[in-house]
4 protein chains.
Amino acid sequence: MENEKAPRGPKFRRRADARPDEVLDAALELFIANGFAATRVEDVARRAGLSKGAVYLYFASKEALLEGLVRRAVTPIATQALEQLGHFEGDPRIAISATLRMVATKLVDPKLIAIPRLIMREVVQFPELAIMYRNEVLNHVLPVAERLIARGIAQGYLRPVDPELTVRSIVGPIALHLILAEVFQLVPEDGLAMDRLLENHLSILFDGMSLPGGSK
Amino acid sequence: MENEKAPRGPKFRRRADARPDEVLDAALELFIANGFAATRVEDVARRAGLSKGAVYLYFASKEALLEGLVRRAVTPIATQALEQLGHFEGDPRIAISATLRMVATKLVDPKLIAIPRLIMREVVQFPELAIMYRNEVLNHVLPVAERLIARGIAQGYLRPVDPELTVRSIVGPIALHLILAEVFQLVPEDGLAMDRLLENHLSILFDGMSLPGGSK
Amino acid sequence: MENEKAPRGPKFRRRADARPDEVLDAALELFIANGFAATRVEDVARRAGLSKGAVYLYFASKEALLEGLVRRAVTPIATQALEQLGHFEGDPRIAISATLRMVATKLVDPKLIAIPRLIMREVVQFPELAIMYRNEVLNHVLPVAERLIARGIAQGYLRPVDPELTVRSIVGPIALHLILAEVFQLVPEDGLAMDRLLENHLSILFDGMSLPGGSK
Amino acid sequence: MENEKAPRGPKFRRRADARPDEVLDAALELFIANGFAATRVEDVARRAGLSKGAVYLYFASKEALLEGLVRRAVTPIATQALEQLGHFEGDPRIAISATLRMVATKLVDPKLIAIPRLIMREVVQFPELAIMYRNEVLNHVLPVAERLIARGIAQGYLRPVDPELTVRSIVGPIALHLILAEVFQLVPEDGLAMDRLLENHLSILFDGMSLPGGSK
DNA sequence: AATGAATGAGGATTCATTCAT
DNA sequence: CATGAATGAATCCTCATTCAT
């Protein structure tokens, strides 16, 4: 499995071919840190530990790096999928809470929002990236969430909201919180406070911000 | 409506003094359409109806165009201000609804989200733009909203939510809806449907998505 | 003589037309200070107190400024001339000493070497300037000096040196002294010390540096 | 002799490592012929037999070419040095004559005065070049000559002249002769006649132009 | 005569991409 | 496979010159 034939060659080489992946790793870091335009192919090469020319052995162009990045991030989704969510039994609010907590926690890791952020930034130059991401990720994930909501309504757990639009209400606050923090460095006094945001958001999401018996 | 074929000689025109503004208008359109890096100064010039060199009569560099753009967008805010919101009397949910409807409707106009979008895209290259926008706009607008919420709580209209974080819950869904539409071209079947989104969102925002007496 | 008609016009104007001269003054200062290439026509205009366009009323091009500068400096020479030198009676060493002292003292004023320096610098770009200077100045002045030397020889004051080449021996040390000072900032400890240089130079020039009865 | 049609493919050639030197050679020729400002980097590249971009592999900027040129010319001096002059035994006039003849002969080669000429021309734009040349060359060479003179005085060969200023008297005439020739194309009828100049100059330098027992 | 806004050719520099080795 | 020297298109910016006012 690991190419037991002793690794000999001009210089030690990784197994099979981790090279393209290493190049993508390097590219992702630099694209995120400096933007696509401001990143030189040579920078990517250096960070990946090979030469400028070698990058072109794996990727036909600088743009292909971007595409490869998105493709790599996108591929597992379609197969993996959060199918469990769709088959979840019982109160969907529990699934929503759990998933949202999980998602939000993960998104705090810059590596994970990296691809969506990259796409948002480069979409004008390379619209096909956004299309790919939509087809491979959003079009798989969003419907699952929508079905969960729909079932929650059907089963009497939720009010009759519009599932498609309600997904925006569920995820939007988290997205905005991250944008304000990352782009504008606008965070609460005690830091990102994603936990507090989640609790505040979930409570509003499920029960609204109105005072139940309040002056209404 | 655009390019009214202003009465000017083939080559020269006395400055209308609107020139810098015209250049910024051109720059904004192109920066939004193609990104900062992919826009050539000459493109801006041509669209503004003058020559490459003339742009440099008004702006010292290409980057100065970007800064000028943000500065122009930002300046009126500090003075203008949505103070009325802060002084609003009575049920704050009415103010929130009205404002949100107003804001969401306006944001559909690409010209209005242009600057924030531009900043989101170029923030890595020019972080000072984001800082400027934060200081001049967000730091003025967000506190007003927070005070409105705080007062709503104090006056018994709202549950004791965290005002700062709740602003994310109020605005986030709209932001995400626009991002999905603009970046990923993900819109409901009947189009952007901002009205429907707003109603769905406001109803969840105020009353939650749980069925009041529902199986809970 | 001074255009007694009251000076009226949009703005006070100098008599007759000092304008071209003022422009040349400005140009000379800037060309010397920054070089021809690094001086912008607008700089010249501003220093001369008029607008860029106005410069072109007097001079057809930037290059014409340079030419005008040299022409102005050169014109008086041909007429003025140091004819007295040629007609000088008696020991020519007295004339040489006196003239050299006078010249050296004057050359310390940057304004006076300005033109030769300018020509030396720009000669590759504008060889005609050097030609003009040679024809109008050097070809008038050098022969006078040569005749003085020739007569000194004929009259038994001087050894039979080559008059043409000896002019280099007379003027060269002063030229080099100025170059070392201006270009390389190499001056004696007590400053330019032109007086000391002159005395040292003249004593060598007339009597040599050998010790007369010295070990020879 | 120039451009030996080096055996290289139409487009590529492995670095001979002489590349930077070849580029400097090209730059020197062009800078001397046309001046720094009037020389395009592409001209230098073409003359060196490579492309515009390749120049930037070796020199960070056009200005770096100039600096590299001076640095290259200057480096050997400090080590090399004319120390023999300082240690010369016996009549210093012999050393002076020999050295001056050698120097003057060499300086007729345009390649050798190239650097000082370049510096004289560009000193206004790049004063650090002159400083570098002064520190690395003049400050090493001039003191040697001064010491030689001082010793000549101490040993009774020379009159008590000022060594520092006398160096001007020794070298100045040659410098002026070259300037008149190169800048103003003023040469004796029989050409540059450096030999004749030297003999005339040395005879005056050592013995003065006065007729010894002459009418004085 | 004077102004200064406008022009546009010119040139330095960068960097994706190629290819001889 | 890998290298990195070399290429040259692309683009920012400068500034001499023009000309409507």
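Protein chains get the first letters and strands the later ones, always in sequence-line order, with residue 1 at the start of each.
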> Out of B:Phe36, B:Tyr133, B:Phe31, which one pairs with B:Phe126 under the ring-ring contact (aromatic ring centres under 6.0 Å, His included) rule?
Replying inline: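 The single option meeting the ring-ring contact (aromatic ring centres under 6.0 Å, His included) with B:Phe126 is B:Phe36.
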>> Would the distance check show the side chain of C:Lys52 and the main-chain N or O of C:Val44 forming a donor-acceptor pair, the cut-off being under 3.5 Å?
In response: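 Checked: no pair found.
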> How would you list all residue pairs meeting side chain to side chain donor-acceptor pair (under 3.5 Å) that involve residues 63-72 of chain B, not counting sequence neighbours?
Replying inline: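 Found B:Asp21-B:Arg72, B:Asp25-B:Arg72, B:Glu67-B:Arg71.
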> Can you list every pair that meets side chain to side chain donor-acceptor pair (under 3.5 Å) and has a residue in residues 32-42 of chain C, with sequence neighbours left out?
Replying inline: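 Only C:Arg40-C:Asp43 qualify under side chain to side chain donor-acceptor pair (under 3.5 Å).
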Measure from [atom1] on [X] to [atom2] on [N] and round the result to the nearest Å.
| X | N | atom1 | atom2 | answer |
| --- | --- | --- | --- | --- |
| D:Phe36 | E:dA12 | CZ | C1' | 10 Å |
| D:Arg40 | E:dA9 | CZ | P | 15 Å |
| C:Leu65 | F:dT17 | CG | C1' | 13 Å |
| B:Leu50 | E:dA5 | CG | P | 13 Å |
| B:Glu63 | F:dT11 | CD | P | 18 Å |
| D:Arg46 | E:dG11 | CZ | P | 11 Å |

> To the nearest 0.5 Å, how far apart are NZ in D:Lys111 and CD1 in D:Ile115?
Replying inline: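 Separation between the atoms: 11.0 Å.
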Where the side chain of [X] is concerned, which of [options] is the nearest nucleotide?
| X | options | value |
| --- | --- | --- |
| B:Val41 | F:dC12, E:dT18, E:dA12 | F:dC12 |
| B:Ala54 | E:dA6, F:dA16, F:dA2 | E:dA6 |
| A:Tyr58 | E:dT13, F:dC1, F:dA16 | F:dC1 |
| D:Tyr56 | F:dG4, E:dG8, E:dA12 | E:dA12 |
| B:Leu57 | E:dT7, F:dT7, E:dT17 | E:dT7 |

> Between D:Ser61 and A:Ala60, which is nearer to the 5' end of DNA chain E once each is assigned its nearest nucleotide?
Replying inline: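 Per heavy-atom nearest nucleotide, the more 5' residue is D:Ser61.
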> Relative to the 5' end of DNA chain E, which residue comes earlier, D:Thr39 or A:Ala38, by the nucleotide with the nearest heavy atom?
Replying inline: D:Thr39
> Does the distance from a Lys or Arg side-chain N to an Asp or Glu carboxylate O, for D:Arg121 and C:Glu122, drop under 4.0 Å?
Replying inline: no
> Given pairs defined as Watson-Crick or G-U wobble with both distances under 3.5 Å, what dot-bracket annotation applies to DNA chain E, with ( ) intrastrand, [ ] crossing, | other strand and . unpaired?
Replying inline: .||||||||||||||||||||
> Quick one: is F:dG4 close enough that its OP1 or OP2 comes under 4.0 Å of any side-chain N or O from A:Lys52?
Replying inline: no
> Is any side-chain nitrogen or oxygen of C:Arg19 closer than 4.0 Å to OP1 or OP2 of E:dA1?
Replying inline: no
>> Need to verify one output field. Residue with the more 5' nearest nucleotide on DNA chain F, C:Glu42 or A:Val55?
In response: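 The residue closer to the strand's 5' end, by nearest nucleotide, is A:Val55.
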> Pick the nucleotide of DNA chain F nearest each of A:Gly53 and B:Gly53; which residue has the one closer to the 5' end?
Replying inline: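 Final value for this comparison: A:Gly53.
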